[in-house]
Protein chains: 2
Amino acid sequence: MHDSNEPRPHTGRRRNEAARRAILDAALELLADADGAPVSVETIARAAGVGKQTLYRWWPSKGAVLLDALTDRAAQDVPAPDTGDLREDLRELAIATFEASQRRPSAPALRTLVREAARDTHLAELMRVFTQSRRAAVRAVLERGRERGELPADRDLDLLVDQFYGFFWYRFLLGHAPLDAAAAEALTESLLG
Amino acid sequence: MHDSNEPRPHTGRRRNEAARRAILDAALELLADADGAPVSVETIARAAGVGKQTLYRWWPSKGAVLLDALTDRAAQDVPAPDTGDLREDLRELAIATFEASQRRPSAPALRTLVREAARDTHLAELMRVFTQSRRAAVRAVLERGRERGELPADRDLDLLVDQFYGFFWYRFLLGHAPLDAAAAEALTESLLG
DNA sequence: GTGTTACCGAGACCGGTAGTCTCGTCAAGA
DNA sequence: TCTTGACGAGACTACCGGTCTCGGTAACAC
């Protein structure tokens with residue numbers, strides 16, 4: 001038996017940081033270039049100049065690598081505007097979200113990632129965690145507004161959050177209509193009446 | 001050279017209608033049972049008691065079979081309410097859409113189909129055509145309402161349509177919140193203020 | 001330095017998939 | 001009866017995610 005509280009000191013060769021970076025960089029770049037098309041593990045490993053096993057030694061699945069590649073670069077901090085005005089906060093959040101969805105390489109990479117998540121339940125679960133904080137940010141803005149009386153007390157906030165992100169993902173994934181500042185403005189006005 | 005205007009009369013064995021039905025029925029059932037998980041061509045053929053080649057003789061790809069299986073059974077007629085009242089029409093459309101999204105086997109089959117379409121560009125294109133008529137129905141209702149003056153003349157109808165279907169697909173695919181009559185009611189109120 | 005350990009790149013391998021090809025069979029019409 | 005083309009069955013190719021094994025090598029203990 002091994003006492004896990006007092007682990008044996010590490011010996012042997014250490015993890016190659018350059019390989020980790022090369023994998024994440026290659027994954028993000030391929031993810032972005034694919035823009036929806038699947039990205040294979042073989043391709044990532046080859047592009048990173050790395051063996052497949054090195055990849056599977058540090059990540060449990062392809063999905064985990066892809067998500068890591070995205071979150072590693074994508075701005076992790078979610079904007080949390082609090083100007084004291086609901087309309088202003090929501091507009092700011094919408095503009096920031098929409099604007100971020102146009103940036104390379106994160107945006108096309110995210111599109112590919114969602115496509116992959118449609119088939120990969122493990123990745124789908126990770127994505128849920130990833131999006132949760134963004135949903136929470138919108139909800140917090142709405143809650144503050146409601147406390148200030150800018151929203152009826154009985155207004156269903158979950159409905160509003162789903163309207164916000166439903167609209168966003170719909171346009172982001174289909175790409176049939178713009179996600180620009182004007183759209184952000186119009187969505188905000190529509191949600192708050 | 002063969003004159004395509006006067007094709008040689010058909011000879012040989014005819015297409016087996018029973019096989020066609022068996023394939024579509026098996027595909028829909030498997031699609032519904034999978035509820036998101038992929039459905040393989042092998043499985044469909046086996047369940048239908050049919051050779052793979054029979055399937056590929058009549059459909060160009062797996063995606064085409066799946067879509068055909070869905071549209072074959074799913075109510076093709078899109079409701080087009082026209083009561084003379086925008087709010088009433090939109091509510092009716094929302095309730096009908098949400099209610100249809102709960103029915104078996106079409107609903108779970110549709111969920112699976114969308115997942116497949118995320119990887120299959122051919123299927124994605126077919127899906128676009130499939131959803132176009134539904135979008136048009138919502139837009140028609142909105143246009144009639146605008147003509148009656150129930151909506152400001154400068155209101156962006158594409159935005160409203162995307163809000164409607166964005167919300168629907170978001171909840172349908174994530175399944176984190178209900179798509180019931182109350183949600184339909186609330187969405188309608190939210191869209192029309 | 002020497003030995004041990006664990007990471008490294010490379011690639012064979014497994015199971016599963018979409019789609020093609022071929023086989024012998026069978027039904028519809030000439 | 002003969003030609004034609006659909007039929008069920010299944011071998012086959014190409015590709016993918018993931019596992020396994022190999023010889024080599026960097027980091028550390030001694």
Side-chain angles (χ1 to χ4, degrees), chain A residues 2 7-24 26-27 30-31 34 37-69 112-113 115-124 126, chain B residues 2 7-24 26-27 30-31 34 37-69 112-113 115-124 126:
Chain A
H2 177 66
R8 175 178 56 67
H10 182 270
T11 60
R13 188 174 179 175
R14 303 306 172 79
R15 176 172 191 178
N16 185 347
E17 177 59 21
R20 195 188 74 92
R21 275 253 55 84
I23 290 169
L24 291 181
L30 289 166
L31 222 36
V39 173
S40 78
V41 176
E42 291 271 354
T43 312
I44 298 172
R46 193 168 297 272
V50 142
K52 271 170 73 175
Q53 187 60 280
T54 298
L55 202 148
Y56 280 105
R57 205 189 318 273
W58 302 110
W59 290 273
S61 70
K62 184 181 75 160
V65 180
L66 299 184
L67 186 69
D68 208 1
T112 310
L113 203 58
R115 299 261 227 269
E116 299 265 349
R119 288 272 210 140
D120 181 339
T121 59
H122 179 53
L123 178 56
L126 294 174
Chain B
H2 177 66
R8 176 178 53 68
H10 183 268
T11 61
R13 188 175 179 175
R14 303 304 170 79
R15 174 172 192 178
N16 186 347
E17 178 59 21
R20 195 188 73 93
R21 275 253 55 84
I23 290 170
L24 291 181
L30 290 166
L31 223 36
V39 173
S40 78
V41 175
E42 291 271 355
T43 313
I44 298 172
R46 193 168 298 272
V50 142
K52 271 171 69 176
Q53 188 58 26
T54 299
L55 203 147
Y56 279 105
R57 206 189 316 275
W58 302 109
W59 290 275
S61 70
K62 184 180 76 159
V65 180
L66 298 183
L67 185 70
D68 209 0
T112 311
L113 204 58
R115 297 261 226 271
E116 300 264 348
R119 288 274 210 136
D120 181 338
T121 58
H122 179 53
L123 178 55
L126 294 173

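In what follows, every chain begins at residue 1, and chains take the letters A, B, ... in the order their sequences are listed.
Contacts of A/Val39 with the nucleic acid, taken as non-hydrogen atoms under 4.0 Å apart, involve only primed sugar atoms and P, OP1 or OP2.
Put simply, CD1 on B/Ile44 is 17 Å from C1' on D/dG8, counting in whole angstrom units. Look at CZ on A/Arg119: it is 13 Å from P on D/dG18, rounded to the nearest Å. If you take CZ of A/Arg46 and P of C/dG9, they are 13 Å apart, rounded to a whole angstrom. For A/Arg15 and C/dG9, the CZ to C1' distance is 16 Å, given to the nearest whole Å. Here the P atom of nucleotide D/dA6 and the CD atom of B/Glu17 are 15 Å apart, to the nearest Å. Between the C1' atom of D/dC7 and the CD1 atom of B/Ile23 lies a distance of 11 Å, rounded to the nearest Å. Counting to the nearest Å, the C1' atom of C/dG19 and the CG atom of B/Leu55 are 11 Å from each other. Rounded to whole Å, the distance from CZ on B/Arg57 to P on D/dG5 is 12 Å.
For B/Arg115, there are no salt bridge (charged side-chain N to carboxylate O under 4.0 Å, His left out) partners, not counting sequence neighbours.
With the nearest nucleotide of DNA chain D identified for both A/Glu116 and B/Arg20, B/Arg20 has the one nearer the 5' end. Residue whose closest nucleotide on DNA chain C sits further toward the 5' end, between A/Trp58 and B/Ser61: A/Trp58. Both A/Ala48 and A/Glu42 lie near DNA chain C, and the one whose nearest nucleotide falls closer to the 5' end is A/Ala48.
For A/Arg46, the CZ atom counts as loosely surrounded, since its 6.0 Å shell holds 12 or fewer non-hydrogen atoms of other residues, nucleotides or ligands. More than 12 heavy atoms of other shown residues, nucleotides or ligands fall within 6.0 angstrom of atom CZ in A/Arg21.
For B/Arg14 and B/Trp58, the positive end is not near the middle of the six-membered ring at less than 6.0 Å and at most 45° from its axis.
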Item to complete: Determine, for nucleotides 19-28 of chain D in 5'-to-3' order, which nucleotides have protein heavy atoms under 4.0 Å from the base (write B), from only the sugar-phosphate (write S), or from neither (write -).
Response: BBB--BBBBS
Practice prompt. Kindly determine whether A/Trp59 and A/Leu24 satisfy side chain to side chain contact (heavy atoms under 4.5 Å, CB included), including the steps that lead there.
Written response: CA-CA 11 Å; A/Trp59 290 273; A/Leu24 291 181; 3.7 Å; yes
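Remark: the backbone N or O of B/Val39 is paired with a side-chain donor or acceptor of B/Lys62 at under 3.5 angstrom.
Residues B/Pro38 and B/Arg119 are not in side-chain contact: their nearest non-hydrogen atoms beyond the backbone lie 4.5 Å or more apart.
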